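Right, one structure below, let's go through it.
Because the structure is a prediction, the values reported are computed rather than measured. The figures that follow rest on heavy atoms only: side chains count, while hydrogens, waters and symmetry mates do not.
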Amino acid sequence: LAATDVKRGLARRAEMQTAPNIIPNAAFDDDLAGWIGKAEIDRTNRVIGTGSVKIVVTDPGGGGIYRMLNSGAQRLKPLTKYRLSYFVRFENVVPSKKGGGVYSNIWTEGQNWYPVHPFGHTGSADWIYQEQTFVSREAKGLHGGYDNCSVSLRLLNATGTVWFDDVRLEELK
């Protein structure tokens, strides 16, 4: 799905109110432990709610990674359709390696990159809305019979600043 502007993204959010978000809203506010680089809650630069997560990477060998949902706490249902959506803004993102840029990644016993790797967002952009749908993998007897899952928001192999806001993971009918 192509990037859209914030106004269209907010309209899309209004349409999506029927599916419950399975990422707790507190995930941004309470857990920045997964970051590499400098991360903080930015209370002034946001689209919805009280703040966004801001990450700054100045080391060309580093990359910012934030895991929103870990395998231990919540699991996806096997062979079930989900939608990951969020708002993202970025400034001066310069790849330090081929394929560097801003991505989301869903790990369900395999990689699910958006935008498709190696074509992450680079440069600068005001708030845009992103969403992707995926189907969880078949249960393989791992972790009580369900896929484990993590949702990572990344500034991968690049320097710059990125903000993520209103991240949602929803089960679709």
Side-chain angles (χ1 to χ4, degrees), residues 1-6 9 21-42 45-49 51-76 82-137 147-170:
L1 181 68
T4 61
D5 66 20
V6 71
N21 184 11
I22 64 172
I23 296 178
N25 290 337
F28 268 151
D29 293 327
D30 297 333
D31 182 13
L32 293 175
W35 285 102
I36 300 168
K38 180 183 175 196
E40 64 188 13
I41 301 298
D42 186 338
N45 201 340
R46 59 189 165 74
V47 177
I48 297 173
S52 62
V53 172
K54 174 184 175 183
I55 183 167
V56 179
V57 175
T58 57
D59 178 0
I65 302 170
Y66 180 57
R67 293 196 182 237
M68 291 293 300
L69 176 64
N70 270 321
S71 58
Q74 295 169 322
R75 296 185 180 99
L76 301 182
Y82 291 91
R83 174 177 43 227
L84 173 67
S85 60
Y86 54 91
F87 293 92
V88 63
R89 177 178 186 248
F90 44 96
E91 286 181 356
N92 303 318
V93 173
V94 178
S96 56
K97 295 180 184 176
K98 182 179 178 181
V102 178
Y103 293 93
S104 64
N105 178 264
I106 301 164
W107 174 266
T108 59
E109 306 302 332
Q111 301 281 346
N112 190 343
W113 293 91
Y114 186 80
V116 176
H117 197 274
F119 301 106
H121 297 297
T122 59
S124 298
D126 202 358
W127 288 106
I128 56 175
Y129 174 76
Q130 303 275 258
E131 73 174 46
Q132 71 181 88
T133 58
F134 66 98
V135 176
S136 59
R137 309 250 177 166
D147 258 346
N148 63 348
C149 176
S150 65
V151 175
S152 299
L153 306 172
R154 299 177 175 226
L155 180 56
L156 179 68
N157 297 325
T159 58
T161 304
V162 63
W163 294 260
F164 293 98
D165 195 15
D166 197 38
V167 179
R168 296 184 188 195
L169 182 64
E170 301 159 300

Inset, instruction - Supply the atom-to-atom distance Arg83 CZ to Thr133 OG1, rounded to the nearest 0.5 angstrom. - result: 8.5 Å

Inset, instruction - State, with a plain yes or no, whether a side-chain heavy atom of Val102 is found less than 4.5 Å away from one of Val88. - result: yes

Inset, instruction - Any chance you could measure Phe90, atom CZ, to Thr161, atom OG1, to the nearest 0.5 Å? - result: 12.0 Å

Inset, instruction - Working to the nearest 0.5 Å, report the span between CD of Glu91 and CH2 of Trp163. - result: 3.5 Å

Inset, instruction - Determine whether the side chains of Gln130 and Ser104 contain a donor N or O and an acceptor N or O closer than 3.5 Å. - result: no

Inset, instruction - State whether the side chain of Tyr103 and the backbone N or O of Gly120 hold a donor-acceptor pair below 3.5 Å, judged by distance alone. - result: yes

Inset, instruction - Check whether any side-chain heavy atom of Val53 lies under 4.5 Å from a side-chain heavy atom of Leu153, and answer yes or no. - result: no

Inset, instruction - Taking Asp42 for its side chain and Lys54 for its backbone only, find out whether a donor-acceptor pair lies under 3.5 Å. - result: no

Legend entry - Val93 backbone acceptor or donor facing Thr122 side chain under 3.5 Å: no

Legend entry - Euclidean distance, Phe164 CZ relative to Tyr86 OH, rounded to 0.5 Å: 6.0 Å

Inset, instruction - Mind checking the CG-CD spacing from Leu169 to Gln132? Nearest 0.5 Å is all I need. - result: 9.5 Å

Legend entry - Any side-chain heavy-atom pair of Val162 and His121 under 4.5 Å: no

Legend entry - Main-chain N/O of Lys98 paired with Asn157 side-chain donor or acceptor, under 3.5 Å: no

Inset, instruction - Would you give the length of the straight line joining atom CG of Leu84 to atom CZ of Arg168, rounded to the nearest 0.5 angstrom? - result: 11.5 Å

Inset, instruction - If the plane angle is over 60° it's perpendicular, under 30° parallel, otherwise tilted; pick one for Phe134 and Tyr82. - result: parallel

Legend entry - With sequence neighbours excluded, residues passing side-chain contact (heavy atoms from CB on, under 4.5 Å) with Asn92: Ser124

Legend entry - Closest approach of Pro95 to Ala158 (non-hydrogen atoms, all atoms of both residues): CA-CB, 3.9 Å

Inset, instruction - For Ser52 and Asn45, indicate whether the former's side chain and the latter's backbone hold a donor-acceptor pair under 3.5 Å. - result: yes

Legend entry - Worked check of side chain to side chain contact (heavy atoms under 4.5 Å, CB included) between Trp127 and Asp165: CA-CA 9 Å; Trp127 288 106; Asp165 195 15; 3.8 Å; yes

